[in-house]
Amino acid sequence: MSNEDKPAAAPRSLAEALRARDDASLSALLRARPDLITPVPTDLTQLATRAGTRASVVRALERLDRFTLQTAEALAVAPDPATYDELLALMAGDDADRAVTKALPRALAALRDQALVWGSDDRLRLVRTARELLAPSPQHPSPTGLGPTVAEATAGMSPGRVQEILTAAGLPTTHDAVSAVASLGALFSDRTRMSALLDEAPADSLDVLSRLVWGPPYGQVTADPATRLRWLLDRGLLLPTAPGTVVLPREVALHLRAGRAHRSTEPLPPQVEISATHRPPLVDATAAGQAYTALATVEELLKDWHEGGPAVLRAGGLSVRDLKRTAVALDVPEPTAAFWVELAYAAGLLASDGEAEERYAATPAYDEWLELPAAERWSRLATAWLAATRTAGLVGGRDAKERTLSALGPGLDRSAASEVRRRVLALLADLPEGASAAHASVLARLRWERPLRGTHPSPSPSSAPSSSDDLRTRLAEWTLSEAEQLGFTGRGALSSHGRALLGAPPAPAKPPAPSGPGDKLPVHHRHHDMPAEPQAAPLSPAEQAAAAAEATRLLAPLLPSPLDHVLLQADLTAVAPGPLERPLADTLGVLADVESKGGATVYRFTPASVRRALDAGRAASDLHAFLAAHSRTPVPQPLAYLIDDVARKHGHLRIGAASAYVRCDDDTLLNEILADKRSAGLRLRRLAPTVLAAQADPATLLEGLRAMGFAPAAESAEGDVLITRAHAHRTPPRTAPEPVPDGPPVPDTTLLTAAVRAIRAGDLASTAPRKPTADPAGADGGLPRTSSAETLATMQAAVLTGEAVWIGYVNAEGTASQRVIAPIRVEGGFVTAYDHTADEVRTYPLHRVTGVAELADDQA
C-alpha cells in the first residue's frame, strides 16, 4: 500500500492535531485566541503548549456561548477519550432531543476550532486544563451537578466492602477490586438492569436520590444511617467520600436524569423580544432631540468650569461635593452628571491642568470642538463613547480595597465595556426599524452568549440567573440608558444615525403591527438553524471615519438650526424659542440669568445680571442696541428702565486698593454708607470728604457694598474703571484617555499570514526527519555539532545536489535556533540559502553555524 493510500493516523496529541490543520484553520484559531500569537510561537508544539495553559484556556472558555460551554462541560464528565455518540447521549439524553442533536455539531466544531477539543469523532479529548477546570470536584462542583464516577468514589474503599456492595446489588463477586468496581459501574450504566434495581427501592430511598440527582450530589449522614439511607449505601447507590459525607455516583445520576448531563440544555440563543414599535421618523426625531440636549449639556458643563473647574483629589478624580455641585448646575441626578463628566473626558474635552494646585479644565480640543457643526460634534462624542472603557456607572461604588470610586478617578476602566456596548447596540440593530427591545430579553441574550464572562470557570449551574454582581449585565443596562441619553437611540429603538455610526447593516423588514392595543407585540425570531450572532468587532479607523461621516450626514437635517433672535417680555424675561447662535447665547448669558430650560429657554433680567454686563465693559447704549437688534418683539419699557437705572448708578462709587478705599464725588452718599449699620464689618473711616478707607480687601468691599444695595465699580491704580471679563482657563494640550484593551488585540490578516508561515516553517525545522548522527547533541534533538571543515563540505555538497539540510545557528545576540535550509551558494565565509524556517532566502555567516546534518531521505 502506498503512502497516499494509507488512512490518516489519529492524532496522538494536540500538537499533532494542529499539524493536520490547513493554514485557514490555524489563522482562525489565532484570530479567535489572539493571546496565542503574543509572541509568535516557534512551532506547532509550542503553540499547542500555549493553548493548554490555564490563563489561555480560561480566556477561551469565557468566550464560549452557553451551549458550546455546556458541550465542554459534558465532555469533562464523559470518558476520556469519548466518542461522539457518548457526547450526544450526554447532551440530548435518552429521548434524543432533536434541537440538541442538530446544534451539537456546531458546538463541537467551535470547540475544535478554538483548540479546546481535539481528536476524531471516535476519540474526542478535551484539553487537560479545560477538563481540570470543568470536571467535578468537592472544592469546585461541576456546573452539571454531577459527582465522581463509581471508580473515583471507591478509590479508597476496602476490597471487602466493594465485594459486599456487589452482593447487595445482586452481582456475583469477583477476584479483585478493579473488576468489582467495573462490574458495579456497568450495572449503573445499564438502563434495563438499573431500572430493575430501582424498582426494588423503598419510596423514601428514591426521594433521597431525587434530592441529589441534579446536584449538588453530596449529602450528610450520621454514624447510624436511617433505613432509607442504609438501603442505598448497601447497594452503592450512595458512596461514602469522607466521614459523615456521601455522594451520588455519576452513573446513577445519569440514569435518573435519562442520560442528560444538564438539567436544561440551551442549544438556541434566546430571542430578543420587541417591546414596542414606533415610526422611524419619530425615533430619529426623538434621538436627535436627545443628541442636541447632550451637546448643550456638555457645553454647559465646560462653561461652568470655564475659569477652572473643581480641584483634583490627591488620589485623582472629583470629590463627592464637587460632583453634587456639578449635578445641581446641570440640573441632573448625580449618576447622570458623572456620565456627562466622563463622556467629556473620554472625548478629550476636559482634563487636569497639571498645575501645582491641580484643577480640571477644558482642553484646547474643546475650543476646536465648539467650532464644528452640531452633527459632527455629536459624532465625536458618540464615537468616544463607543470606544471608551471608563465606566461612569461605577462611580459611587467601591473597589476591591473598599475605596470609593470617584468620577474622573482611577479604577473606572472595565475592558469589557466597549465590547458589551457594541454588542447591545448590534442586538438593537438586528430588530426591524423603529422597534425597541425588551430589556430583559437583551440581558438574557447576553448571558447566553457569554455565560462565564467575568466569573470563575466553575460557576454555579448554568440555569441559575446572573446576580447583580454580573458586571456584563450591569454594563448592558448602563448601555441602554446611556444610549438614550446620548441620542444613539430614541424611545428605545436604534436611530438611523446611530445605526450608521455603528456600521450596522440596514434594518430587517418591519414585522406586522399588532391588531389591537392589548395584543402582545411580536417576538423577533431568527431561523433556528442559525448559530449565535458573532460578537460585534470594532471598526477599523477608515471604516469608523466613514461611519461617522454618514452619521453626521443623517443627523444634520434633524437638529434644530440656531436662531438669531429672542422674544422679550414685559416681565423682564426673554424667551429663546430654540437654540441660539453662539455669540447671541454668550452675550445673553452675561446680560441675563437662565431661569428655565426645555424646548424654549427662559432668561431673566435682574439688576445683578445687568451690572454683570456693565462690569464686562458694555455700555448702556450697547445693551439697548443689542436687545433691539435681536428681539422679535419691542424692547419692553421696564427692561429699558432697568438698564438705565443700573447704568446710572454703576461706577458712581469707585473702589481701589489702599487696603481698600471708596471714593465718590457725592459726600452725602458716603455719609449714608457710614450711617448704615451693615457697613460696620467693613471698618470704614473717612480720609477726605469724598474718600473712605476700609480694612477689607477690594473684592470684599465691592461685594459688601453691593449687598447693601449700592452699585460700586472697581478701578485700577490709574483711576480707570476696571472691566472684569471671564478668564478662559485651558489645560495644556491633552490626549483623550486610551481605552484599556480587553486582552491582546485581534491580529489583522497580514500578521496572521506571516505568523502562520513562521509557525509552519519553525515546525518543519523542529520535526524534519534527520539521518542518524554519531554526535550526541544531534541525536538528542539539540543543535547539530560539526567541525568547520565538515560544515563547509556538507554545505557545498548540498549546493550541488539541491538538498535541504538541518543546521544549528547562533545569532549576534547569542540566541541559538535550529533551521532547515536549502543552500544556494557558498562563498566568502557565507552561505546563501532558502530558509524553510523563515520561508525566504537568507545569508548566514558560516562561523555562526554550530553544525550541519542531512535530513532523512524521505524528507529531503
Salt-bridge contact Asp121-Arg112 (side-chain N to carboxylate O under 4.0 Å): yes
Side chains of Val246 and Leu239: closer than 4.5 Å at any heavy-atom pair? no
Got a second to check how far Trp478's CH2 is from Arg414's CZ, nearest 0.5 Å? 8.0 Å
Mind checking side chain to side chain contact (heavy atoms under 4.5 Å, CB included) for Glu164 and listing every partner two or more places apart, or none if nothing turns up? Arg161
Is the closest side-chain heavy-atom distance between Pro41 and Leu36 below 4.5 Å? no
For the atom pair CG (Leu18) and CG (Leu29), what is the distance rounded to the nearest 0.5 Å? 6.5 Å
Is the backbone N or O of Pro267 less than 3.5 Å from a side-chain atom of Thr265, with the two atoms forming a donor-acceptor pair by type? no
So, the side chain of Arg54 versus the backbone of Val58: is there a donor-acceptor pair under 3.5 Å, distance only? no
Arg211 CZ: over 12 foreign heavy atoms closer than 6.0 Å: yes
Using modelled atom types only, decide if a donor and an acceptor are shared between the side chain of Gln163 and the backbone of Gly160 within a distance under 3.5 Å. no
Nearest 0.5 Å, please: how far is CG in Asp85 from CG in Leu124? 10.0 Å
Phe188 versus His255, closest heavy-atom pair with distance: O-CB, 4.1 Å
The test is side-chain hydrogen bond (donor to acceptor under 3.5 Å, both in side chains); show your working for Asp35 and Thr38 and say whether it passes. CA-CA 6 Å; Asp35 56 296; Thr38 310; over 6 Å; no
Among side-chain atoms of Asp122 and Thr83, is any donor-acceptor pair under 3.5 angstrom? no
Give the C-alpha distance, both sets of side-chain angles, the deciding distance and a yes or no for side-chain contact (heavy atoms from CB on, under 4.5 Å) between Val208 and Leu229. CA-CA 8 Å; Val208 172; Leu229 294 175; 3.8 Å; yes
When rounded to the nearest 0.5 Å, the distance separating CD of Glu16 from OG1 of Thr45 is 9.0 Å
Are the charged groups of Asp470 and Arg450 less than 4.0 angstrom apart, N to O? no
Quick one: closest heavy-atom pair of Leu248 and Ala253, and the distance? CD2-CB, 3.7 Å
For Leu75, is there any backbone N or O sitting under 3.5 Å from a side-chain donor or acceptor partner on Arg131? yes
Please list, chain by chain and in numerical order, all residues satisfying salt bridge (Lys or Arg N to Asp or Glu O under 4.0 Å) with Arg250, sequence neighbours excluded. Glu152
Could you tell me which residues satisfy side chain to side chain donor-acceptor pair (under 3.5 Å) with Asp234, sequence neighbours excluded, listed by chain and number? none
I need the full list of side-chain hydrogen bond (donor to acceptor under 3.5 Å, both in side chains) pairs touching residues 222-232, with sequence neighbours left out, sorted by first then second residue. none
To the nearest 0.5 Å, what is the distance between CG on Leu116 and CZ on Arg33? 5.0 Å
Treating Gln114 as the side-chain partner and Ala32 as the backbone partner, does any N or O pair qualify as donor plus acceptor under 3.5 Å? no
Listed partners of Asp94 passing salt bridge (Lys or Arg N to Asp or Glu O under 4.0 Å), at least two apart: Arg191
With sequence neighbours excluded, what pairs up with Asp23 under the salt bridge (Lys or Arg N to Asp or Glu O under 4.0 Å) test? Arg760
Please determine whether side-chain hydrogen bond (donor to acceptor under 3.5 Å, both in side chains) holds for the pair His262 and Glu73, giving the CA-CA distance in whole Å, both sets of side-chain angles, and the decisive distance to 0.1 Å. CA-CA 9 Å; His262 296 87; Glu73 292 164 353; 2.8 Å; yes
CA sep, side-chain torsions, deciding dist, call: Gln271, Ser441, side-chain hydrogen bond (donor to acceptor under 3.5 Å, both in side chains): CA-CA 7 Å; Gln271 304 302 324; Ser441 67; over 6 Å; no
Charged N to carboxylate O under 4.0 angstrom, Glu132 versus Arg128? yes
Looking at CZ of Arg423 and CZ of Arg445, how far apart are the two atoms once the value is rounded to the nearest 0.5 Å? 5.5 Å
Looking at Glu419 and Arg472, does any basic side-chain N land under 4.0 Å from a carboxylate oxygen? yes
